[in-house]
Number of protein chains: 2
Amino acid sequence: MTSPELGISTVERETGLSKDTLRMWERRYGFPQPLRNRHGERVYPPEQVGKLRLISRLIDRGLRPRELAGATLEELMARVTATEGAPEPLGAAADNTLLLETTLDLLAAYDAAGLQSHLSRTLQRLGLLRFILEFVAPMNVQVGAAWARGALAVSQEHLYCEQMQHQLRQGIGTIYPGARAPSVLLTTLPGEDHQLGVLMAHACLALEGVRCVSLGIRTPIGDIASAAHRHGVEVVGLSFSKAFRLKTALAMLGDLRAQLPPSVEIWAGGSLWARPSHLPGEIRFISRLELIPHEIAEFCRRRRTAPSSPA
Amino acid sequence: MTSPELGISTVERETGLSKDTLRMWERRYGFPQPLRNRHGERVYPPEQVGKLRLISRLIDRGLRPRELAGATLEELMARVTATEGAPEPLGAAADNTLLLETTLDLLAAYDAAGLQSHLSRTLQRLGLLRFILEFVAPMNVQVGAAWARGALAVSQEHLYCEQMQHQLRQGIGTIYPGARAPSVLLTTLPGEDHQLGVLMAHACLALEGVRCVSLGIRTPIGDIASAAHRHGVEVVGLSFSKAFRLKTALAMLGDLRAQLPPSVEIWAGGSLWARPSHLPGEIRFISRLELIPHEIAEFCRRRRTAPSSPA
DNA sequence: ACGTATAATTGTCCAGGACAGACTATTCCC
DNA sequence: GGGAATAGTCTGTCCTGGACAATTATACGT
């Protein structure tokens, strides 16, 4: 039987805060204040881990740890809703509110077969593009929000991702491969497990007739660079979920940029880039899936203007 | 422009070895021996990082770092080929040798489109069941062996898994869901990333008309137990790749067994169980995919003999 | 041969110190 | 007063060197 308390390694994984940072906060701000096991090692109660998760999210939004460390759980929640906006209106998605609600209900009921059927029918009814833009994307936000406030178990989130992935692949499989515009290598960086982002991008790109090569998730940076060369692609596309640490992402993107020849562009997409911030110009950030066609057009324009002539 | 040398954080990402481990190896074995930047921080030359990557892989195979740290690059390469034993006869798979060779060739050529097409045609030609038993399973062995001896880059292995996954899901998607025999919850334990095993099992089970609920990979044990209850399944099916630690697997399976009601069976499959060893009897180990129909029949027989009567 | 006690190996944790880079506030000059 | 330059604060990451639990190998007795 495992005790509910977590070691520092587990907390690092759960919160995304490095061991060094956890120890430093304890030293400087007095929070977190883990217990110690008989061996003198830090042991974090679950409620502190939850608080850390919240703080971690707020810091990504630009807040400072000093003040957050002393805040109560209620204050943090208030801060989250304040920075993150309303608790997900759900009415924003035009006419698809019912579809979203039905999905959440099926998930809540652990109705795997019903969910499968519902997703499949929705895909066929809307068509792949509208399925993604009007259903999957807002649905991901809903599921993420439900997960963040503890309304969804791990297994329910897994079930959702698995079945949605299945539908997206069904959709992608029916697209006859094109050979237009830029050829794109798709994957995520190490630490980013969320596959749906890659699949949605894959579908949107394939629907534009673009040649896509997907490497799945978590490809080391060096391997991305060499694969880009071997596959002869013009663009490396990366997906980042909201959970990914902004600083880490920028650092790794910088590394990758340095390892790729200048002729290969980097396109970074995903909910991480939804809110504005100072971003380097050598990488193209695509905040919404709707912008993909525009981005492709821009690419073609750039290439026409300045034909491939590396210094 | 970043210099070709890498900081300790980058090396941690690239090799999967923690900062602590890197420093400890340096202290104990004198390798790696990074340079220092003007600020006294470790700076690793690329060749040392490559060596570290090799060592890291060999340690996964069960070798000890003490001896590996002092070895030359050549010795390490030799060790890699040695640990895998013979370079996989390849002739064992009856008439499908050509199919396997073609796949390896396409992978070696980084021909994503050709691979996609080849896999798709093979699936349609053989049919889903023979595709899995006669092609995917031996192919996985080949890819695993090629990867172990360094003949395959990370990105090639990713490409293979991604595209094979795509085909398997295409196949599964065409099966009309059944409701026979035991209902099965499918997933892998935390630490096991290999998705193909789950998908192959899913397909084989679905082809027998069994109701399957897949949670994808890496579901925490507690969540598996609660999900099994909420989904009302009679069997929890888990897949284990050869890379998974045997002891870890058995310990986790014991935990899971304790958390599940006795009426729910555990079926453990995957290449980890291919070689014989002392296995607990409270869990059913399925060493080959071919045995799944037999296992289903056995299940039905057991249930007929002792109808569901939990205390 | 087999099980057990002992020794070596190995990864992770700890404490406390240092410092670069980012951000903030203040000063100073035009 | 506006804007640039300066000093000051905040924060994360890296450093050293020590400790120990868990695993794995070796020696030993029966």
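First the proteins, then the strands, lettered A, B, ... as listed; each starts at 1.
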C:dA20, OP1 or OP2 - any side-chain N/O from B:H39 closer than 4.0 Å? yes
Nucleotides bounding contact with chain A, strand DNA chain D, heavy-atom threshold 4.0 Å: D:dC10 to D:dA21
Indicate the ring-plane relationship of B:F240 and B:W273, choosing parallel, tilted or perpendicular according to the 30° and 60° boundaries. perpendicular
Can you name the closest pair of heavy atoms from B:R218 and B:E192 and give their distance? CG-O, 3.4 Å
Are B:E12 and A:K19 within salt-bridge range, i.e. N to O under 4.0 Å? no
Contact nearer the 5' end of DNA chain C, comparing B:E41 with B:Y29: B:Y29
Quick one: do B:E157 and B:R57 make a salt bridge, cutoff under 4.0 Å? no
Which residues in residues 17-28 of chain A have at least one heavy atom lying under 4.0 Å from any atom of DNA chain C? A:K19, A:R23, A:M24, A:R27
Starting at atom CZ of B:F31, determine the distance to atom P of C:dT10, rounded to an integer number of angstrom. 15 Å
Output all residues satisfying side chain to side chain donor-acceptor pair (under 3.5 Å) with B:R284, sequence neighbours left out; order by chain, then residue number. B:E295
Under 3.5 Å: donor-acceptor pair, side chain of A:N37, backbone of A:G40: yes
Between C:dT10 atom P and B:I59 atom CD1, what is the distance in whole Å? 8 Å
Spatial distance of atom CG (B:L17) from atom CD1 (B:I8) [nearest 0.5 Å]: 10.5 Å
Closest to the 5' end of DNA chain D, once B:G62 and B:I8 are matched to their nearest nucleotides, is B:I8
Taking CZ from B:R36 and P from C:dA18, how many angstroms apart are they, rounded to a whole number? 17 Å
Can you tell me if B:Q195 uses its side chain to pair, donor with acceptor, with the backbone of B:G216 under 3.5 Å? no
